[in-house]
Undergrad: 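Got a structure for you, written out below as structure tokens; questions coming shortly.
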Amino acid sequence: MARCIFHIDLDAFFVSVEQVLNPKLKGKPVIVGGDPESRGVVASASYEARPFGIHAGMPLSRARRLCPQAILIRANFSRYKDASSKFMKILGHFSPYIEPLGLDEAYLDVTGCEEPYGSPRQLGLAMKERICKELELTASVGIATCKVVAKIASDLCKPDGLLQIAPGGEQAFLNPLPVARLPGVGDKTEQSLKEMRITTIGDLASLPLDMVKRRFGTLGVAIHSYARGMDNREVEAPGEAKSISQQLTFARDTLDRNFLEATLHNLCQEVCQELRSQDKRAKCVAIRLRYADFKTITRQVVLIEASDVTQVVFTTAQQLLSKALAKQEKPIRLIGIRISSLVGEEKQLSMFDPGTEKPEHLDKAIDRIRKKYGSKAIKTGNGIFPENS
Ligand code: DCP
Ligand code: CA
């Protein structure tokens, strides 16, 4: 069965977020930029500013010359991150298969999800409507059987558009477009293709694969199949964290066992708190020691059962530390903890084992206090120890 892939991209994202917060900016040429991090370039331009020739990446000085009446706003990233997470959350209502790309765009595989809406197009419209209602933002949606065609479709229907390329219609849609529309075709490749008299995607698609491969290698293979509307890439959810770690370098090298254990306990508390906030448990616990001479060792062990309990992780780490100290009596300059082989939360209720339930209650209470008052607000007995500065 043909896949149904969406590419969705918010229009003039940074500017639109500012316009929601200050409606007086709507309908006007507005530029977001000017942040020191963006080196004085345009980050986002409203559609009213674009006819003046203003686009992202252009130096602000030039944008000012092209359109002196444009309103310039400094980028405020926390606002955009906030809007972005709300946007991604809305997308999650329409399909579980989401691949976010940056803050304001994503691929979705909605194959089979369209049924309640009647058609992919209706689903796309429902998505746009919800984004408009809840965030007051407009989005453009490309619908196709693969990523590359969906992406090009959404670019072409901006702003506030929806463009569906029917299965089988990919080649006819792509043929007249300039090659630079294809992902992977940058300035250099575009120039090389031009020298071969290839300017449209159709030109590229009609070349023999061998020839493109000889000229451009593996990139050639990819752009040649994209040009034919063929793209097997899956919509992939971002990779989840594979491990969580913390380490501390001491002000002075130490061999003080109590001090090392207290530090280790604090580090365990930090990584386990992070683990619990992700609703995960860890199967593997490792410690890292760096000696005064910079020699570094790692010792690890696999738990019989995955755990998110600080006391379990700490006791395991403590045993690893004991073994390492018994073998090597050199002062230590750094100690670290890493928990890995993370698994989801499907924890069994420990009805008959109140012994493991208690530390969990303690963990939860500590997490709450630390979240509210910061990580220094509370330390348990094992972690209390003076600083070694
Ligand atoms: N961005 C940036 N610097 C760039 C390009 C983009 O900081 N050189 C930021 C600002 C944009 C956001 O990323 O608002 C999204 O990038 P887009 O390329 O999707 O641009 P817009 O959303 O602003 O416009 P469009 O309507 O063309 O998608
Ligand atoms: Ca955008």
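First listed ligand is number 1; within each ligand, the first listed atom is number 1.
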Undergrad: May I ask you to check whether over 12 heavy atoms, not counting those of Lys26, lie within 6.0 Å of atom NZ?
TA: yes
Undergrad: Side chains of Val141 and Ser154, heavy atoms from C-beta outward: is any pair under 4.5 Å?
TA: no
Undergrad: If you measure from each heavy atom of Ala12 to ligand 1, is any distance below 4.0 Å?
TA: yes
Undergrad: Do the ring centers of Tyr107 and Tyr97 come within less than 6.0 Å of each other?
TA: no
Undergrad: Are any of the N or O atoms of Phe14 closer than 3.5 Å to those of ligand 1?
TA: yes
Undergrad: The Ca ion (ligand 2) and Leu10: any N/O/S contact shorter than 3.0 Å?
TA: yes
Undergrad: Could you say whether the N/O atoms of Phe13 and ligand 1 ever approach to under 3.5 Å?
TA: yes
Undergrad: Heavy atom of Arg50 under 4.0 Å from ligand 1?
TA: yes
Undergrad: Return yes when at least one N/O/S atom of Asp11 is nearer than 3.0 Å to the Ca ion (ligand 2), and no when none is.
TA: no
Undergrad: Using the six-membered ring of Phe250, assess whether NZ or CZ of Arg252 lies under 6.0 Å from its centre and within 45 degrees of the ring axis.
TA: no
Undergrad: Do any of the N/O/S atoms of Asp104, backbone or side chain, fall under 3.0 Å from the Ca ion (ligand 2)?
TA: yes
Undergrad: Should Ala45 be counted as touching ligand 1, given the test is an N or O pair under 3.5 Å?
TA: no
Undergrad: Counting from 1, what ligand 1 atoms have a heavy atom of Tyr47 closer than 4.0 Å?
TA: 25 (P), 26 (O), 27 (O)
Undergrad: Does a side-chain N-to-carboxylate-O contact under 4.0 Å join Lys194 and Glu190?
TA: no
Undergrad: So, are Lys330 and Asp253 salt-bridged, with charged N and O less than 4.0 Å apart?
TA: no
Undergrad: Could Asp210 and Arg214 be called an ion pair, given the rule that one side-chain N must be under 4.0 Å from one carboxylate O?
TA: no
Undergrad: Just to be sure I'm reading this right: ignoring hydrogens, which of Ala56, Ser154, Ala43 gets closest to atom 10 (C) of ligand 1? Compare them by their nearest heavy atoms.
TA: Ala43
Undergrad: Are the side chains of Leu204 and Tyr226 in touch, meaning some heavy atoms are under 4.5 Å apart?
TA: no
Undergrad: With heavy atoms under 4.0 Å as the rule, classify the contact between Glu18 and ligand 1 as side chain, backbone, both or neither.
TA: neither
Undergrad: For ligand 1, which atoms have a heavy atom of Ser44 less than 4.0 angstrom away?
TA: 10 (C), 11 (C), 14 (O), 23 (O)
Undergrad: Please tell me whether Phe94 and Phe6 form a close aromatic pair, meaning their ring centres lie under 6.0 Å apart.
TA: no
Undergrad: In Asp9, which N, O or S atom comes closest to the Ca ion (ligand 2)?
TA: OD1
Undergrad: I want to know if ligand 1 touches Asp104 in the polar sense, i.e. an N/O pair below 3.5 angstrom.
TA: yes
Undergrad: Using a 4.0 Å heavy-atom cut-off, which part of Asp9 comes near ligand 1: side chain, backbone, both, or neither?
TA: side chain
Undergrad: Classify the contact between Glu105 and ligand 1 as side chain, backbone, both or neither, using a heavy-atom distance cut-off of under 4.0 Å.
TA: neither
Undergrad: Would you call Lys295-Asp293 a salt bridge at under 4.0 Å N-O?
TA: no
